[in-house]
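Each ligand, and each atom within it, is numbered from 1 in the order the structure gives. Because the structure is a prediction, the values reported are computed rather than measured.
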Amino acid sequence: MAAICFGGSPLLKHAEFKLCSLVVCLSLLFAAAVSAQSVPNFDGKSWWEYVKVLADDNMEGRETGSPGYQRAAAYVVDQLKKDGLQPAGNKGYYQPVKFISRQIDESGSSLALVRDGKPQSVTLGEEAMFSTRVPLAPETEALLVFVGYGLNVPEKNYNDYAGLNLKGKVAVIFTGSPSEMSSALASHYQSSAERAKELRDAGAIGFITIPNPAAMDIPWGRMKLARTRPSMSLADSMFDDWKGIGLAVVWNPEFAEQLFDGSGHTFTEIAALGKERQPLPTFPLPLTIRAKTKLITKHLESENIVAKLPGSDPQLASQYVVLSAHLDHLGIGEPINGDKIYNGAMDNASGSALVLDIADKLHAAGVKPKRSLLFLFVTAEEKGLLGSRYFAAKPTVPKKDIVADLNTDMFLPIIPLKMVTVYGLEESSLGDDARQAAKDNGVEVQPDPEPLRNIFIRSDQYSFIKQGVPSLAMKVGYTKGSPEEATAMKWLHERYHAPSDDLQQPVDLAATGKFEDIMADLALKVADAPKAPSWNSDSFFQRFAGGK
Ligand SMILES: [Zn+2]
């Protein structure tokens, strides 16, 4: 929408109405009814200029803690300065965060399945791989138990661990959830903090996950290439999720049948049920896993970036609406087709560019939101939402004053914008705000069409949700079975987390412009509303609201 009056002067105040002719007044009144303030239309072109810088080979894929990330961060800070936005970190625009990185040394590591006392070695990379998200114990030997989806959801009276003895054993989990579970609920209970707690409460000392072949964003062939890259966790012990868990392995579904031999069940049967989100059986497996691991551990630091557009209303200016995007990506890795730089143009130079573009345009247009806007660029999203987790737990503004997070991660403007997918649409009053902002721009919204992919907890909004802050994320949407869906799926399989997510891919600037219009309208709508956003009374995530 974004009506422009007086040769582009974007700021409309009621006092100015008397200066207008009747016709102009009517159009102004209409604009004012839609949004109290107006910003210029976005066309996607300025956005692409930012993407070109952030996803340039020179940024080397913006790996957390790397010189490439530091260059990207310095560029972002320069732009924010140029835009006249205030620093709002605890070191100028920066909020430094300390990390521990872990990398597997496969030459000193091994994995074997022991059946009837006979060990059978497992080929790392081919059949299975260690996950270094978990601080792996040097040695583990334990019996295996298949725990289905590995979910314990009291709200649904659902517990995969019921009746199983997991004391000192390793749980085997098939990723996914039964259809009776809403995507928000299923996503929450599959997050690492919840996963670790369930395993620990059940007495397990480790776990093997078998990805659901029906919901694998990245084919195994590409997953295995990343297995020796470092994982990270926050150095501050208050964020240590994995206490007591010493083994984490991801199993290639193509080689999963061997885990079920002699159990009376087959993996084919399990995968068929899981594909349809049917209930899964749980049972002990007649097998022991034997693991030896060697880790290379390092300490490092990387920064979040925080800038502020101060609010104008004396009552509301102390409150903050956060616009967030992760700046980090995967850095330099195993080459694919001769290219080793994982540029992350869509993931997530695109979101960082959108936040920069909106910050720039709002400030340049002299827009004065009632609440303050906080522009947040977080690090280490790719390592498990770590930068945002740190910021949401230890924000550089008072935690109680953060009223909303609007996150943008890989919004995929690679198809025309006919619809917006809103993650968290049914959870808080922000859902209706998003619906309205989209409608004002002639676009419909839809909830998450692919609950199996857990998008709601797979980006930084989730860090805010866990601190009680109503949040959402949006993407360019498509309907099931449409050609747009085919384009998006092809992108996921070919470019997601691959070096080809670079500047040599087609993007739709018109779709981007409209998406930015919606995002900017939404941010202003929330910033100017008399009441702060609130969780819906039936939202599962309302439970965290006390944490603020
Ligand atoms: Zn990513």
Side-chain angles (χ1 to χ4, degrees), residues 51 54-55 59-66 68-69 72-73 76 99 101 131-133 175 187 190-192 211 215-233 250 302 304 324-334 336 339-355 376-391 407-414 421 423 448 450 452-463 473-476 488-503 505 507:
V51 175
L54 295 173
M59 297 299 182
E60 297 178 323
R62 308 182 306 282
E63 163 93 317
T64 299
S66 71
Y69 180 90
V76 167
F99 297 94
S101 92
S131 164
T132 45
R133 286 262 167 105
T175 63
S187 299
Q190 289 177 79
S191 68
S192 54
M216 281 171 81
D217 283 350
I218 306 179
W220 184 268
R222 274 225 316 278
M223 279 171 77
K224 77 172 185 190
L225 290 179
R227 73 187 190 279
T228 54
R229 319 257 5 251
S231 294
M232 291 183 197
S233 45
V250 186
S302 186
N304 292 326
S324 58
H326 76 87
L327 181 61
D328 69 301
H329 191 54
L330 302 168
I332 294 172
E334 285 297 315
I336 297 179
D339 187 359
K340 62 183 171 62
I341 301 177
Y342 288 62
N343 304 76
M346 293 301 111
D347 184 11
N348 183 35
S350 71
S352 300
L354 175 140
V355 175
L376 173 66
F377 303 82
V378 294
T379 186
E381 187 273 352
E382 302 286 10
K383 311 295 178 195
L385 319 183
L386 299 181
S388 62
R389 186 173 178 189
Y390 188 84
F391 180 86
N407 187 52
T408 307
D409 186 3
M410 221 175 85
F411 65 102
L412 285 190
I414 54 171
T421 298
Y423 301 95
D448 184 356
E450 299 156 298
L452 278 177
R453 287 179 54 216
N454 290 335
I455 306 271
F456 196 51
I457 68 159
R458 276 172 58 185
S459 189
D460 297 302
Q461 68 275 1
Y462 193 62
S463 296
M474 304 199 293
K475 287 193 190 198
V476 176
M489 287 300 146
K490 189 165 182 281
W491 186 93
L492 274 181
H493 290 295
E494 289 175 2
R495 295 190 195 262
Y496 175 57
H497 282 202
S500 56
D501 176 13
D502 61 12
L503 296 171
Q505 63 185 309
V507 291

With sequence neighbours excluded, residues passing ring-ring contact (aromatic ring centres under 6.0 Å, His included) with H329: H497

Taken in chain and number order and not counting sequence neighbours, the residues that satisfy ring-ring contact (aromatic ring centres under 6.0 Å, His included) with Y390 are F239

Mind running side-chain contact (heavy atoms from CB on, under 4.5 Å) on R495 and M346 for me, showing each step along the way? CA-CA 9 Å; R495 295 190 195 262; M346 293 301 111; over 6 Å; no

Which protein N, O or S atoms lie under 2.8 Å from the Zn ion (ligand 1)? D347 OD2, E382 OE1, E382 OE2, H497 NE2

Using the side-chain hydrogen bond (donor to acceptor under 3.5 Å, both in side chains) definition, which of the options T64, T379, D328 pairs with S302? T379

Closest approach of M232 to S101 (non-hydrogen atoms, all atoms of both residues): CG-CB, 3.8 Å

Listed by chain and number, what are the salt bridge (Lys or Arg N to Asp or Glu O under 4.0 Å) partners of E382, not counting sequence neighbours? none

